[in-house]
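Heads up, the thing below is written out as structure tokens.
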Amino acid sequence: MYAKGGADRAYKAELYGVLRNLMEKYNLSADYMKPLEIKYSNPKQLRLTDF
């Protein structure tokens, strides 16, 4: 995709700036573990009839 194998620093800085603004606007996190932590922080009590 890129001649040198990656984008240059200036392009990355601009791209990450745009992404950071969008993430703040829509209250998104860059932490990919956060959704899992939320999901498993409140375990659901199972019943025998759930099986």
Side-chain angles (χ1 to χ4, degrees):
M1 186 168 169
Y2 299 102
K4 296 185 257 177
D8 65 3
R9 287 183 186 216
Y11 175 79
K12 286 182 190 179
E14 183 179 347
L15 177 62
Y16 293 147
V18 170
L19 290 174
R20 187 173 30 258
N21 289 338
L22 288 170
M23 290 171 68
E24 288 174 5
K25 179 179 180 180
Y26 293 104
N27 197 27
L28 299 173
S29 172
D31 183 0
Y32 67 93
M33 290 299 294
K34 190 172 186 174
L36 292 174
E37 290 169 356
I38 292 169
K39 180 178 180 179
Y40 293 115
S41 67
N42 219 355
K44 178 182 172 189
Q45 179 67 42
L46 296 176
R47 299 173 296 195
L48 287 175
T49 56
D50 290 338
F51 298 100

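It should be emphasised that the depicted structure is a prediction, and the values quoted were computed from it without experimental measurement.
In this structure, the separation between CD on Glu24 and CG on Leu19 is 11.5 Å, given to the nearest 0.5 Å.
Hydrophobic cluster membership for Leu28: Val18, Leu22, Met23, Tyr26 (Ile, Leu, Val, Met, Phe, Trp, Tyr linked by side-chain heavy atoms under 4.5 Å, directly or transitively).
Smallest separation of non-hydrogen atoms from Ala7 and Lys12: O-CE, 3.2 Å.
Among residues two or more places apart in sequence or in another chain, the side-chain contact (heavy atoms from CB on, under 4.5 Å) test is passed with Asn27 by none.
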